[in-house]
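Quantities reported herein were computed from a predicted structural model and do not represent experimental measurements.
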Amino acid sequence: MKEIITGAEALMRSLQNEGVKTIFGYPGGAIMPVYDALYDYTRGERKVFEHILVRHEQAAAHAAEGFARVSGQVGVCLVTSGPGVTNTLTGVADAMMDSTPIVVIAGQVGIGALGTDAFQEVDLVGVAQPISKWSYQIRRPEDVAWAVSRAFYIARSGRPGPVVLDFPKNAQTHTTEWAPVHSDFVRSYVPYPPVSNDAVAQAAALINEARKPLALVGQGVELANAHAELIEFLERADIPAARTMLGLSALPSDHPLNVGMLGMHGSYAPNVKEQEADVIIAIGMRFSDRVTGRTDTYARQAKIIHLDIDKAEINKNVKAHVAVIGDCKESLPAITRLLKKSSHQEWRDSFLPLAAMEREQVINPAIHPEEGPLLMGEVVNQVAEATHGEAILVTDVGQNQMFSCRYFKFRQCRSVVSSGGLGTMGFAIPAAIGASFGAPSRTICMFCGDGGFQMSIQELGTIMEQQRPVKMILLNNNYLGNVRQWQDMFFDRRKSFTRMVNPRYQLIAEGYGIPYRFVAQRSELAAAVAEMLSTDGPFLLECAVREEDDVLPMTPPGKSVDEMMLHL
């Protein structure tokens, strides 16, 4: 005889079948039956899940993203209808842009009330469809197991992304016969397209003939767990490699073939050398406008080989001469097998003078200033040196993001958690919370500006309750720094509403019971960082940094990548 259970109970069992252990959420009226079922799954002998009560629904999505980024698993968040889920949608859009696998389960008014403008009703499927990989309304309890299994399959397979499940109240409370479902197929959905042998051969031939090859390494390598395959490929053909911001930890910072970070505020040498390379191999990256600069002048001299699992990215921004569509964990070794053992020492050496120029004019003054206020770069560098490349970097958005990505160091994969495509301020604190659950044995170092910090400051309550060991470094310059820099450069220094009047963060930290230290003097920085890292649990280190510190180098908007500026 089959067991009869509610749709809410079916959701609990379905999540358990997917191996879920951690849920980030916030209860409300339309999701209360699910939360009632969750009660028994978070206590006593039946405890299956750890539910993390965030202080705002947007934080639930960002926490799920942070969890997914560092663990490689699907992040899960649970919210109510109406404003609960619309708050969450910023995180859904963020996950879509950055290919992060999360599943959002939201309450909804009952089927009979749909379309009546009922209290806290919103057309979630309609709103979520353009910004999610799949959105679906579970209208019957008998569809719960199928929908959840399909949601996880779609979220984690192929190019990962967010899935949104809309769960009307009657489907939560009505009953059905329980039968588990396992999904590994969706008609017309091909998450892992077969790799073309012809494309592999064409790519290998171009690389074998190249005199000045350059690899552009993106987050796709991280998502495919293809780190070893990448290194074997690069070392076989002696190819210098630059990394996108989200691909920074795909290759160790100290690897001899690593030539720096791509992008508007990336490293000088690879940005300039993109315009000299005769073959560019783009691996799991999408040629963002922040990487290419002007596309009409970008790498016109190069043959472009584009490796990507998503056919939609091919020729979207930059035309590829050879497209190798498929999982790079499969395509990279297929190409490597056809490569000749090569040496491009002269080409690699040509990067060195440009790197030295940047080091002399930008890096050394940024991380080893002789006088004046603290600089963001030196704070990041101090934390990076103290953590020896072993920590996970979580950033907010803005100057703190650019400085920390430029100067942090990485020895392990899945060590960068940042809002890339959407650029979501307020991302850092909740994402760091999620990362602390996704990688509980690793140190989490979170960098944030005073603007982004206040956008999710309520999540200090989550950190307090959960005692998450997040090391928060607040780079306080009393400005919305990135906007201020652009105002200075492009708007005649007219600082329109970018100066911040800030609270006393020490009192806020004390209110949440979080250890705190303030640093304004260079002589105190090393000791403060050591105290932060040696303190069990969370810590807030506020650093008063130079107000008008600018991120350099910079490719100005509308310019080519080789027009990168080393100084203003």
Would you check if there is a donor-acceptor pair between the side chains of [Y] and [X] at a distance under 3.5 Å?
X: T88; Y: Y26; result: no
X: Q58; Y: N87; result: no
X: S253; Y: R411; result: no
X: Y192; Y: K329; result: no
X: T6; Y: E9; result: no
X: Q219; Y: T244; result: no
X: R468; Y: S436; result: yes
X: N317; Y: T295; result: no

Taking the six-membered ring for Trp, are the ring centroids of [X] and [Y] within less than 6.0 Å of each other?
X: Y35; Y: H51; result: yes
X: F24; Y: H62; result: no
X: W146; Y: Y136; result: yes

Any chance [atom1] of [X] has more than 12 other-residue heavy atoms, nucleotides or ligands included, within less than 6.0 Å?
X: E232; atom1: CD; answer: no
X: M464; atom1: CE; answer: yes
X: D296; atom1: CG; answer: yes
X: F119; atom1: CZ; answer: no
X: K316; atom1: NZ; answer: yes

Would you say [X] and [Y] make side-chain contact, with heavy atoms under 4.5 Å?
X: V318; Y: T292; answer: yes
X: K303; Y: I280; answer: no
X: D308; Y: I325; answer: no
X: L114; Y: E121; answer: yes
X: L393; Y: S415; answer: no

What's the shortest heavy-atom distance between [X] and [Y], and which atoms?
X: S81; Y: A30; answer: OG-CB, 3.3 Å
X: P27; Y: L53; answer: CD-CD1, 3.7 Å
X: N271; Y: V291; answer: OD1-O, 4.4 Å

I need the I138 CD1 to D166 CG distance, nearest 0.5 Å.
8.5 Å

Can you tell me how far apart CD (Q120) and OG1 (T86) are? Round to the nearest 0.5 Å.
9.5 Å

What residue among V217, L307, L216 forms side-chain contact (heavy atoms from CB on, under 4.5 Å) with I281?
L307

State which residue, out of L124, V34, V148, L78, fulfils the side-chain contact (heavy atoms from CB on, under 4.5 Å) condition with F167.
V34

I'd like to know whether K319 forms a side chain to side chain contact (heavy atoms under 4.5 Å, CB included) with I304, so could you lay out the CA-CA distance, the side-chain angles of the two residues, the decisive distance to 0.1 Å, and finally the verdict.
CA-CA 7 Å; K319 180 175 175 55; I304 305 290; over 6 Å; no

Worked check of ring-ring contact (aromatic ring centres under 6.0 Å, His included) between H182 and Y153
CA-CA 9 Å; H182 173 70; Y153 171 62; 8.1 Å; no

Do the charged groups of R13 and E3 touch, with an N to O distance under 4.0 Å?
yes

Could you check whether R159 pairs with E313 (Lys NZ or Arg NE/NH1/NH2 to Asp/Glu carboxylate O, under 4.0 Å)?
yes

E142: partners by salt bridge (charged side-chain N to carboxylate O under 4.0 Å, His left out), with sequence neighbours left out:
R140

May I ask you to check if R43 and Y39 form a cation-pi contact, with NZ or CZ under 6.0 angstrom from the six-membered ring centre and within 45° of the axis?
yes

So R286 and D310, salt bridge (Lys or Arg N to Asp or Glu O under 4.0 Å) or not? Walk me through it.
CA-CA 9 Å; R286 57 188 178 86; D310 187 355; over 6 Å; no

Per side chain to side chain donor-acceptor pair (under 3.5 Å), S249 is matched among E222, H227, Q412 by E222

Taking side chain to side chain contact (heavy atoms under 4.5 Å, CB included) as the test, write out the residues that go with A391, two or more places apart.
T387, F408, T443, C445

N482 vs Q399, test: side chain to side chain donor-acceptor pair (under 3.5 Å). Steps then yes/no.
CA-CA 5 Å; N482 214 43; Q399 289 184 318; 4.8 Å; no

